[in-house]
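Comments concern the structure below.
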Amino acid sequence: MPELPEVETTRRGIAPHLVGHSVVSVTLRQAALRWPVPAELPALLQRRKLLAVNRRGKYLLLQFKHGHVLLHLGMSGNLRIVDVNQPAARHDHVDIRFNNNAVLRFTDPRRFGALLWTSEPPSRHDLLRHLGPEPLSDAFDGDYLFARSRKRKQAVKLLIMDSKIVVGVGNIYANESLYLSGIRPGRAAGRVSRASYHTLAADIKAVLAKAIKQGGTTLRDFVGGDGKPGYFKQQLRVYGRAGEPCQRCGKPLKEVRLGQRSTVYCSACQR
DNA sequence: CAGCGCCCCTGCCCGC
DNA sequence: TGCGGGCAGGGGCGCT
């Protein structure tokens with residue numbers, strides 16, 4: 001589920017229900033996520049007021065006066081606002097109940113997600129400290145990508161998926177933006193021109209911004225609880241379309257694996 | 001250090 | 001219908 005647009009959609013979906021309200025209780029049903037959920041979390045959050053819900057890359061940050069809950073959805077995680085009477089289902093690992101009777105429910109079948117506590121500024125936390133710029137910020141542009149890619153032999157697709165270079169570009173949007181930019185995913189990052197990186201940075205921004213906008217349209221559904229997106233699927237040009245004709249030239253799209261991830265491109269349009 | 005595989009885990013789909 | 005294999009939107013970690 002979670003590409004950056006969905007994490008941002010999640011943030012916008014949950015924040016209005018929770019910010020300004022205080023935690024009544026925390027129910028921990030399954031602590032074995034990517035890292036153990038701290039057993040002291042319930043005590044830490046008890047009676048504390050949630051000040052804000054922030055995002056850094058694909059991490060969500062629940063801000064309290066004395067620290068932050070650091071939350072990652074992994075591959076299969078999702079957060080929903082549910083009613084206090086909503087019974088927990090399989091894979092509903094954590095509930096945070098607030099004094100307005102809203103419950104923030106964390107569900108994650110594969111348990112690649114994370115839920116941690118930090119009392120230091122989140123930017124100094126080990127998991128966030130080395131993260132690159134936000135893709136939608138001014139710090140991320142073609143010149144930046146060009147500079148960071150010099151002398152690198154790694155495939156350009158892996159470069160843009162590296163969170164130390166730029167956060168939030170997942171497999172789907174890496175494929176999509178490289179297609180839009182006409183750049184072959186396997187090209188050595190150091191051999192892509194400055195001009196191409198300008199195009200690529202612009203396409204990454206455009207594709208993410210568009211998806212966030214569409215996430216907005218499913219906001220109500222999402223918070224309402226059935227939480228099944230899939231709204232962008234029909235707009236994807238290459239991801240999940242190996243063998244189908246390229247929408248630009250008609251040639252069948254190719255699929256290769258790069259860094260153990262499915263990579264789809266047009267061998268005619270992408271060079 | 002850059003770069004590459006491995007692996008955490010469940011669910012689902014496909015082919016036999 | 002059952003079962004094994006492969007794959008899935010992430011990303012930290014350990015090794016070369």
Side-chain angles (χ1 to χ4, degrees), chain A residues 1-10 29-37 55-60 70-79 89-94 106-116 118 125-132 135 145 147-179 185-191 204 207-208 210-212 214-215 218 222 227-243 255-264:
Chain A
M1 274 179 214
E3 289 266 343
L4 183 142
E6 283 177 339
V7 177
E8 177 61 20
T9 299
T10 296
R29 299 184 193 87
Q30 170 62 275
L33 303 185
R34 193 183 210 292
W35 296 281
V37 179
R55 180 185 60 75
R56 178 73 176 98
K58 293 177 188 166
Y59 288 92
L60 284 169
L70 205 152
L71 214 150
H72 197 290
L73 300 177
M75 292 271 260
S76 58
N78 77 285
L79 284 171
R90 188 166 159 75
H91 305 311
D92 289 347
H93 305 315
V94 185
F106 179 71
T107 307
D108 185 9
R110 291 177 75 180
R111 290 191 273 128
F112 288 179
L115 206 162
L116 299 168
T118 180
H125 191 277
D126 278 348
L127 292 173
L128 305 187
R129 191 186 325 181
H130 302 290
L131 293 182
L145 272 184
R148 294 299 305 267
S149 62
R150 288 313 85 188
K151 313 227 162 143
R152 294 187 73 150
K153 294 176 181 162
Q154 179 188 43
V156 60
K157 177 170 180 253
L158 298 181
L159 181 89
I160 62 172
M161 290 180 70
D162 181 347
S163 63
K164 293 195 289 303
I165 301 293
V166 57
V167 295
V169 182
N171 196 35
I172 291 179
Y173 293 119
N175 279 300
E176 294 300 306
S177 50
L178 287 164
Y179 174 77
R187 273 265 297 283
R191 309 200 57 168
I204 289 171
V207 99
L208 291 176
K210 189 175 170 193
I212 288 173
Q214 292 183 13
T218 58
F222 171 78
K228 280 279 176 253
Y231 44 87
F232 51 72
K233 173 118 195 193
Q234 61 285 3
Q235 310 226 16
L236 298 176
R237 311 282 193 103
V238 289
Y239 184 84
R241 295 189 186 279
E255 177 164 26
V256 294
R257 297 195 75 76
L258 239 35
Q260 287 88 239
R261 278 165 212 277
S262 161
T263 304
V264 187

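Chain letters run A, B, ... following the sequence lines, proteins first and then strands; every chain starts at 1. Any value given below was found using the heavy atoms of this structure, including those in side chains, with hydrogens, waters and symmetry copies removed.
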How far apart are the closest heavy atoms of A/V7 and A/P2, and which atoms are they? CG2-CB, 3.9 Å

Taken to the nearest 0.5 Å, the spacing of A/E8 CD from A/L60 CG works out to 8.5 Å

What is the separation between atom CG on A/D162 and atom P on B/dG5, rounded to the nearest whole Å? 15 Å

Please state the C1' separation for the pair B/dG3 and C/dG9 - nearest whole angstrom. 23 Å

Donor-acceptor pair (no angle test) under 3.5 Å: A/R110 side chain, B/dG11 base: no

Would you indicate what A/R152 reaches in the nucleic acid, counting non-hydrogen atoms under 4.0 angstrom: base, sugar-phosphate, or nothing? sugar-phosphate

Is the distance from OP1 or OP2 of B/dG3 to the nearest side-chain N or O of A/Q154 less than 4.0 Å? yes

Interatomic distance, A/R34 CZ vs C/dG10 C1' [rounded to whole Å]: 8 Å

Once you apply a heavy-atom cut-off of 4.0 Å, does A/Q260 come out as touching a base, just sugar-phosphate, or nothing? base

Need one value for A/L33: base, sugar-phosphate or nothing, where a base atom within 4.0 Å counts as base even if backbone is also close, heavy atoms only. nothing

Could you walk me through whether A/D108 and A/V94 pass the side chain to side chain contact (heavy atoms under 4.5 Å, CB included) check? CA-CA 10 Å; A/D108 185 9; A/V94 185; over 6 Å; no

When the distance from CZ of A/R261 to P of B/dC4 is rounded to whole Å, what number comes out? 14 Å

What closest approach, in Å, do A/T263 and A/K157 show between heavy atoms, and which atom pair accounts for it? OG1-NZ, 2.9 Å

Atom pair CD (A/E176) and CG (A/L208), whose distance is rounded to the nearest 0.5 Å: 11.0 Å

Pairwise 5' ranking along DNA chain C for A/H72 and A/S262, keeping only the more 5' one: A/S262

CE of A/M75 versus C1' of B/dC9: gap in Å, rounded? 10 Å

For atom P, what is the distance between B/dC6 and C/dG6, given to the nearest Å? 14 Å

Pairing string, 5' to 3', for DNA chain C - Watson-Crick or wobble contacts under 3.5 Å, brackets [ ] where pairs cross, | to another strand: .|||||||.|||||||

Shortest side-chain distance from A/P109, nucleotide among C/dG12, B/dG11, C/dG10: B/dG11

A/K151 atom NZ is separated from B/dA2 atom P, nearest whole Å, by 13 Å

Once side chain to side chain donor-acceptor pair (under 3.5 Å) is applied, do any residues pair with A/R129, and if so which ones, sequence neighbours excluded? A/D126

Which atom pair, heavy atoms only, marks the closest approach of A/I160 to A/V166? O-CG1, 3.4 Å

Earlier contact from the 5' end, DNA chain B, for A/L158 and A/R111: A/L158

Using OP1 and OP2 only, check whether a side-chain N or O of A/H91 sits under 4.0 Å from B/dG11. yes

Value in whole Å for how far the P atom of C/dG9 lies from CD of A/E176: 12 Å

A/F106 and A/V37, any side-chain heavy atoms less than 4.5 Å apart: no

Protein-nucleotide distance (A/R257, atom CZ; C/dG9, atom P), rounded to Å: 8 Å

Respond yes when some side-chain nitrogen or oxygen of A/Y239 is under 4.0 Å from OP1 or OP2 of C/dA8, and no when none is. no

Atom pair distance, as rounded to whole Å: CG in A/N78 and C1' in B/dG11: 15 Å

Compare the aromatic ring of A/F112 with the six-membered base ring of B/dC8 and state whether they stack according to the 5.5 Å and 30° rule. yes

Has A/K58 got a side-chain N or O lying under 4.0 Å from the OP1 or OP2 atom of C/dG11? yes

